[in-house]
Amino acid sequence: VKGGFDSFMDKEIHDQPKAVADTLLGRTDEKGALVLDELRIPETVLRSIDKIIVIACGTAAYSGHVAKYAIEHWCRIPVEVELAHEFRYRDPILTPRTLVVAISQSGETMDTLMAVRHAREQGAYVLAIVNTHGSTIPRESDAVLYTHAGPEVAVASTKAFLAQITACYLLGLYLAQLRGTKFPDELRETLRELQELPPKIQQVLDGEGYVREVAQAMKDEPSFLFLGRHVGYPVALEGALKLKEIAYIHAEGFAAGELKHGPIALIEEGQPVFVVVPSPRGRDQLHSKIVSNIQEVRARGARTLVIAEEGDEAVVPYADIIFRVPQTATLMSPLVAVVPLQIFASELAKAKGLDVDQPRNLAKSVTVE
Ligand code: F6R
């Protein structure tokens with residue numbers, strides 16, 4: 001069942017190229033335009049949307065956090081991302097022009113389900129992005145876009161996360177196509193970048209041996225910090241969550257820009273810090289900003305574990321360890337950058353002799369509040 005892997009989590013990490021490819025499959029026509037007829041949301045509704053609110057919990061919420069950067073950029077629609085349990089106890093501002101996107105692997109998470117009900121009661125349109133067919137959340141939503149990750153067994157979510165980002169990107173590109181906020185050429189190019197990801201994810205998996213070696217050597221560390229900017233920020237949060245939940249190690253993710261506003265006080269001699277570095281080919285200053293952040297923590301004694309693109313030499317002087325990922329457009333980078341973090345957590349948990357698939361105190365789907 002585990003396909004020759006030590007754990008379901010390892011198997012599912014290795015399923016990721018297929019999870020992304022399958023989620024993309026059959027969603028374009030012969031001209032390369034996106035077809036999401038399956039949504040069955042009237043085009044008039046999709047054209048009139050003036051706000052998107054993503055509701056989800058845990059890893060699913062981080063996928064929404066990644067998608068916010070992309071959808072706002074492509075569609076010029078404001079996107080809020082809210083934890084379902086916070087959303088449902090607020091008095092959120094929803095109108096018939098609000099599209100609520102509920103993301104869930106299981107389709108059964110109680111908090112997310114309650115938030116869906118809360119949103120619909122107030123007249124919002126609810127689209128579910130869900131992995132499990134026949135589950136409750138899609139049944140109670142107005143529309144559903146399935147992720148095709150296949151069954152996820154390990155408690156720690158991996159392939160569902162990549163599939164969720166992929167599905168959110170399809171939604172964003174579809175809205176951009178429909179609303180004309182991106183030129184058709186640009187849309188095709190972005191879609192092509194997305195379609196090129198499965199072999200790039202595979203490339204990261206092919207290099208997993210080094211990540212595992214480093215993880216084994218660090219199994220007795222009491223704490224890890226994770227830094228990222230832009231889409232690298234939710235990747236940092238996800239890397240920290242993986243380490244907490246399966247290796248029981250204190251781990252915290254920060255937006256790198258927050259360092260000086262507090263977290264930098266935590267840095268002392270030997271503190272391991274993961275840094276998710278964006279592409280040096282991006283148009284903005286993201287890359288140089290984060291290189292300065294690596295320097296800053298290094299100067300205070302941190303041991304830096306850097307996730308960087310192949311060919312990015314600027315990080316070399318400040319990195320103790322470099323995990324290389326293939327070159328991608330900035331918005332595509334989470335789909336490769338998170339993979340070494342998943343492998344690291346899995347290997348470290350294994351090195352500590354823990355049950356990687358069934359961590360203590362956790363359930364695969366949280367059907368209670
Ligand atoms: C983390 C993890 C949880 C889930 C969260 C939402 O690895 O598995 O944080 O992501 O409980 O679950 P779903 O997606 O089933 O709603």
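Atoms within each ligand, like the ligands themselves, are counted from 1 in listed order. If you read the sequence from its start, that first residue is 1, and numbering goes on from there.
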Show me which atoms of ligand 1 lie under 4.0 Å from any heavy atom of [X].
X: A156; value: 7 (O)
X: A60; value: 10 (O), 14 (O)
X: S106; value: 13 (P), 15 (O), 16 (O)

Among all protein heavy atoms in this structure, tell me which lies nearest to [atom], with the distance rounded to 0.1 Å.
atom: atom 10 (O) of ligand 1; answer: T59 N, 3.2 Å
atom: atom 11 (O) of ligand 1; answer: V366 CG2, 4.2 Å
atom: atom 7 (O) of ligand 1; answer: E245 OE2, 2.4 Å

F344 six-ring face occupied by R212 cation (under 6.0 Å, within 45°):
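Not flagged: R212 not positioned over aromatic ring of F344.
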Closest to [atom] among [options] (heavy-atom distance):
atom: atom 16 (O) of ligand 1; options: I103, T147, L113, T109; value: T109
atom: atom 14 (O) of ligand 1; options: Q105, E152, M9; value: Q105
atom: atom 6 (C) of ligand 1; options: S104, C57, G58; value: C57

Please say whether [X] places an N or O atom under 3.5 Å from an N or O atom belonging to ligand 1.
X: T112; answer: no
X: S157; answer: yes
X: V155; answer: yes

Tell me the salt bridge (charged side-chain N to carboxylate O under 4.0 Å, His left out) pairs involving residues 151-171, sequence neighbours left out?
D15-K159, E152-K364
Decide whether D312 and H287 meet the rule of one side-chain donor and one side-chain acceptor closer than 3.5 Å.
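Present: a donor and an acceptor within the cut-off.
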Test item: side-chain donor near acceptor, Q105 and Q164, under 3.5 Å
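Note: Q105 and Q164 side chains miss the donor-acceptor criterion.
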Describe, in one word, how the ring planes of Y169 and W74 are oriented to each other, choosing from parallel (under 30°), tilted (30 to 60°) and perpendicular (over 60°).
perpendicular
With R303 as reference, evaluate E221, E268, E269 under the salt bridge (Lys or Arg N to Asp or Glu O under 4.0 Å) test and give the passing residue.
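Going through the options one by one, the only one that passes is E221.
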Could you work out, with ring pair (Phe, Tyr, Trp, His ring centres under 6.0 Å) as the rule, every residue matching H85, not counting sequence neighbours?
none
Check for a donor-acceptor pair, side chain of R139 on one end and backbone N or O of G134 on the other, with a separation under 3.5 Å.
yes
Q177 backbone acceptor or donor facing K182 side chain under 3.5 Å
no
Mind checking whether K242 contacts ligand 1 via backbone (N, CA, C, O), side chain (CB onward), both or neither, at a 4.0 Å heavy-atom cut-off?
side chain
Between K364 and ligand 1, which part of the residue brings a heavy atom under 4.0 Å of the ligand: side chain, backbone, both or neither?
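The answer is neither; K364 stays 4.0 Å or more away.
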